[in-house]
Structures are given as C-alpha cells and as structure tokens.
Protein chains: 2
Amino acid sequence: MQLQAKYVILGLLSTRTMSGYEIKKSFEGDISFFFDASYGSVYPTLNKLEKEGLIVKTTIVQTDRPNKHEYAVTEAGKEALSDYMKGPLIEDQVRSDLTMRLYFGQKAGESEMAGWIRQGLEQHRAKLAELILLMEEHQAHMPRSTKLSLQYGIDYHQGQVNALSRLLEQLDS
Amino acid sequence: MQLQAKYVILGLLSTRTMSGYEIKKSFEGDISFFFDASYGSVYPTLNKLEKEGLIVKTTIVQTDRPNKHEYAVTEAGKEALSDYMKGPLIEDQVRSDLTMRLYFGQKAGESEMAGWIRQGLEQHRAKLAELILLMEEHQAHMPRSTKLSLQYGIDYHQGQVNALSRLLEQLDS
DNA sequence: TTCGCCATGTAAGAGGTTACATGATTTA
DNA sequence: TAAATCATGTAACCTCTTACATGGCGAA
C-alpha cells in the first residue's frame, strides 16, 4: 500500500482549482518533500477522476498561450478525500540511491563516496532554500496545517543536510 | 527513474550469500530506511538475475524446515553492480501519507492531526531503536561504509522524531 | 491448539515512467 | 537564435503490489 497520485491531486484541488500543468509544478515545488509523479501520471489521473465525478473540468481559452483545463473538486470528491483521511495511515516510503551506494560502497573509493554525498547535499540544500522562500513568501495566507507541514519539510531537508555534512566530516577524518 | 530492487539485491548479495526470505527480512530491518519491497518482487527478481547470469543458486536441503535457495553474486554480477554505481546518482524519493494529511488537513480536527503525528512518531521511534541496536550489536564486524550508512539512517529517523515532536508541541500550544 | 516463523512461488492487475508528438510565446 | 516556459496528451512498457497457494515446526 502506498500513497497514490489520486489522493494527492484531490488534496491539491481541495485548496484551489488547478490545471494539470500547475499540479505537476506543485509536485516539483512546494510538495516535492512528500510526493512527486510525472505528467504521464497526472493527466490520466485527472481524466479518471473526472469520469468518476470527483472533479469537474472547465476549459479556459487563452490567446497568448495554450488553452488550459482547470479542475475543481466536487462534493463527491471532497467526500472521497475525507473518507481516505479516515482510513489507516500509510507508512512513509523512502527510496534512496545515495544511501544504498554508501551502504554497499566499501569497494568504491572514498573520493567517489564523497562525490555522491556532495551531490546529495546540493540537492537537499536547494530544496531547503526553496521551501524556506515559500514559507517566507506565503506565510500570511496559508492555513495553519499547511504551515506545519511546510515546517516539517524544512526540518526534513535540514536534517538531511546536517546528516550528510557529518558524514563528509567523518570521511575526511 | 527510481532505485530498483534488482540493484539493492545485487548489493546485499555482494556482502554475503542470502536466500529470498533473508533478503526480505533485510528489507524490513537493517535496510528499511532506504528500501523495501514485497516477496512478490523479491522472488521474481532473483529468478531474473539468475537467468541473466548475475547470481547463482545453491539449494540447501533442510530437514526441520523448508529447503532454501542461497544465492551468490557472480563476477558478471559484481561488474553489473559496479557499472550501476558508476552511473548517475538517482534523487531520493519520498512518499509520505502523514505529511500529505498534515498539508491538506485543515478540515480534519487538530485531535485527528495529533493522532497521525503520534502514529508517525511511534513508527520512527521503533525504527530508530532497531537501528541503534543493530549498530551496537554489529559495530565490530561492519565495513566502515556500512557503518556510515547506518549512522545516516539513525540520523534520519532521529530527525523525523525531533521534527514530529516539535509539531506536536506547536499543535498543543 | 493456535499462532508465528520459516520458506517459496505465481497470476492478475494497479500504478507508474519514458518517450514521443505538438507548438506558440517569452526570455536570455 | 537558442532555450525555457506554458500546456496537453498518448502508447508502450516496466516494476511492483496484492492475493493466493502450500505446509511443517516450535512456542505459548
């Protein structure tokens, strides 16, 4: 059992109407610390949700850019999300190539390991900076729960940065 | 692109021979902080790797328990793993139902949110205790890289516990 | 005597990725 | 003028999960 795109999309649309493109941007940005999926997952899922009557589509004609489809949650959609929230909590899932390489990497040289760690550090630092910016910019008009969650994301990436920094120091010593 | 069972299994078998059952136990235990997969993934993957000549099977006949198949990496397998390690590092993937619920959970009551956080706390505390025990027990005969990685896992879970504790405090205030 | 552990495996299907197709506008 | 952004979508494929099937031994 794992967290599905379906419910994350329903969650996003419960905060405001969005297009598939915007949803994917959200996956890459403000939500990236707990979910991501590709366009090939986003668009088919939106169509499926629409057929199930959980969301409705409005086409917005734009002259300067491609038309877009804005989706909004229906009452049935809200109920589906709330039912999901009443169900059992799914355990966090992590897949980390970096950690695997460190775990099995005694044959790889220490300089290679240091390289991987530095790459990981950069990735987590970038995400951290992004989330902090988001927090500062939108702090005023964010529900409390969202702020808590964002704080959690910031703590997560900060924790990773700290852990990886410590690893680098230990490697050098 | 995501970290596949194939390479994690190859990695595990590069440290010692193992059966499918033992591999799954490892997924749930010492490796759970960076990978997990079901039996339905483990056994077919082992068969596939064998057909590709990357691992070899030895059947061990046991009278008191079911027979088991012990797998060992071949030279070709070692090379495949090392080739993989030379390839580009895959970014960490996280899917967290807990975080999603917090993010979208302004409609859920605060007591519900607190409940989810407590469940998450318990899960991370349990994993943390497990990894610390592992570290203490096997410290002496672990390669340095494995120790570093385990330390990383401990730091990860400790970080989660800290972050979640802070969230709980903020909820109560 | 029931439950958990040991131990392997398969079939069906869900859920996802990758790569492709299209194309105008804006920014560097 | 090249690259990034906006914007949607599909088809083929891959990986993994779920549920099922089987069965003996040891502990509570």
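Keep in mind that the numbers below use all heavy atoms, side chains included, and drop hydrogens, waters and symmetry copies. Here is how names work: the chains are called A, B, and so on, in the same order as the sequence lines, proteins then strands, and each is numbered from 1. Keep in mind that what you see is a predicted model, and the values were worked out from it rather than measured.
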Please tabulate, for the side chains in residues 41-55 of chain A, all donor-acceptor contacts under 3.5 angstrom to protein atoms that are two or more places apart in sequence or on a different chain.
unit_1  : atom_1 : unit_2  : atom_2 : d
A:Thr45 : OG1    : A:Ser41 : O      : 2.5
A:Asn47 : ND2    : A:Tyr43 : O      : 3.4

Can you measure [X] atom [atom1] to [N] atom [atom2] for me and round it to whole angstrom units?
{"X": "A:Leu46", "N": "D:dT8", "atom1": "CG", "atom2": "P", "result": "9 Å"}
{"X": "B:Lys68", "N": "C:dC5", "atom1": "NZ", "atom2": "P", "result": "16 Å"}
{"X": "A:Tyr21", "N": "C:dG23", "atom1": "OH", "atom2": "P", "result": "18 Å"}
{"X": "A:Lys25", "N": "D:dC6", "atom1": "NZ", "atom2": "C1'", "result": "9 Å"}
{"X": "A:Tyr7", "N": "C:dA14", "atom1": "OH", "atom2": "P", "result": "13 Å"}
{"X": "A:Lys24", "N": "D:dG9", "atom1": "NZ", "atom2": "C1'", "result": "15 Å"}
{"X": "A:Glu50", "N": "D:dG9", "atom1": "CD", "atom2": "C1'", "result": "14 Å"}
{"X": "B:Glu22", "N": "C:dG9", "atom1": "CD", "atom2": "P", "result": "14 Å"}

So which nucleotide from [options] ends up closest to the side chain of [X]?
{"X": "B:Asn47", "options": "D:dT10, C:dG16, C:dT10", "answer": "C:dT10"}
{"X": "A:Asp64", "options": "D:dT17, D:dT8, C:dT26", "answer": "C:dT26"}
{"X": "B:Arg65", "options": "C:dG9, C:dC6, D:dT8", "answer": "C:dC6"}
{"X": "A:Lys57", "options": "D:dG9, C:dT10, C:dC6", "answer": "D:dG9"}
{"X": "B:Tyr39", "options": "C:dT10, C:dT8, D:dA7", "answer": "C:dT8"}
{"X": "A:Pro66", "options": "D:dA7, C:dG16, C:dT17", "answer": "D:dA7"}
{"X": "B:Gln4", "options": "D:dT10, C:dC6, D:dC16", "answer": "D:dC16"}
{"X": "B:Gln2", "options": "D:dC16, C:dG9, D:dT10", "answer": "D:dC16"}
{"X": "B:Ala37", "options": "D:dT17, D:dT8, C:dG9", "answer": "D:dT17"}

Using the side-chain contact (heavy atoms from CB on, under 4.5 Å) rule, take B:Glu130 and B:Lys127 through it: C-alpha gap first, then chi angles, then the decisive distance, then the call.
CA-CA 5 Å; B:Glu130 218 178 291; B:Lys127 284 289 174 198; 4.1 Å; yes
Report yes if at least one side-chain N or O of [X] is closer than 4.0 Å to OP1 or OP2 of [N]; otherwise report no.
{"X": "B:Arg95", "N": "C:dG15", "result": "no"}
{"X": "A:Tyr43", "N": "D:dT8", "result": "yes"}
{"X": "A:Gln62", "N": "D:dA7", "result": "yes"}

For B:Ser19 and for A:Leu3, find the nucleotide of DNA chain C with the closest heavy atom, then tell me which residue's nucleotide is more 5'.
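Its nucleotide being nearer the 5' end, the pick is B:Ser19.
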With a 4.0 Å cut-off on heavy atoms, is B:Thr45 in touch with a base, just the backbone sugar-phosphate, or nothing at all?
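Nothing, no nucleic acid heavy atom in range.
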Looking for any heavy atom pair under 4.0 Å, which part of the strands does A:Gly40 touch: base, sugar-phosphate only, or nothing?
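Base, at least one base heavy atom under 4.0 Å.
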What is the distance from atom OH of B:Tyr21 to atom CD of B:Glu70, rounded to the nearest 0.5 Å?
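With rounding to 0.5 Å, OH (B:Tyr21) is 14.5 Å from CD (B:Glu70).
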Between B:Lys48 and A:His69, just flag the one whose closest nucleotide in DNA chain D comes earlier from the 5' side.
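The residue mapped nearer the 5' terminus is A:His69.
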Tell me which of A:Glu70 and B:Ala5 sits closer to the 5' end of DNA chain D, going by the nucleotide each one is nearest to.
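Between the two, 5'-proximity favours A:Glu70.
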Do the side-chain N and O atoms of B:Ser19 and B:His69 include a donor-acceptor pair separated by under 3.5 angstrom?
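Looking only at side-chain atoms, B:His69 and B:Ser19 do not form any donor-acceptor pair under 3.5 Å.
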Charged N to carboxylate O below 4.0 Å: is that the case for B:Asp36 and A:Arg95?
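Salt bridge: no.
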Is NZ or CZ of A:Arg101 both nearer than 6.0 Å to the six-membered ring centre of B:Tyr7 and within 45° of the ring axis?
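Here A:Arg101 fails the 6.0 Å and 45° test against B:Tyr7.
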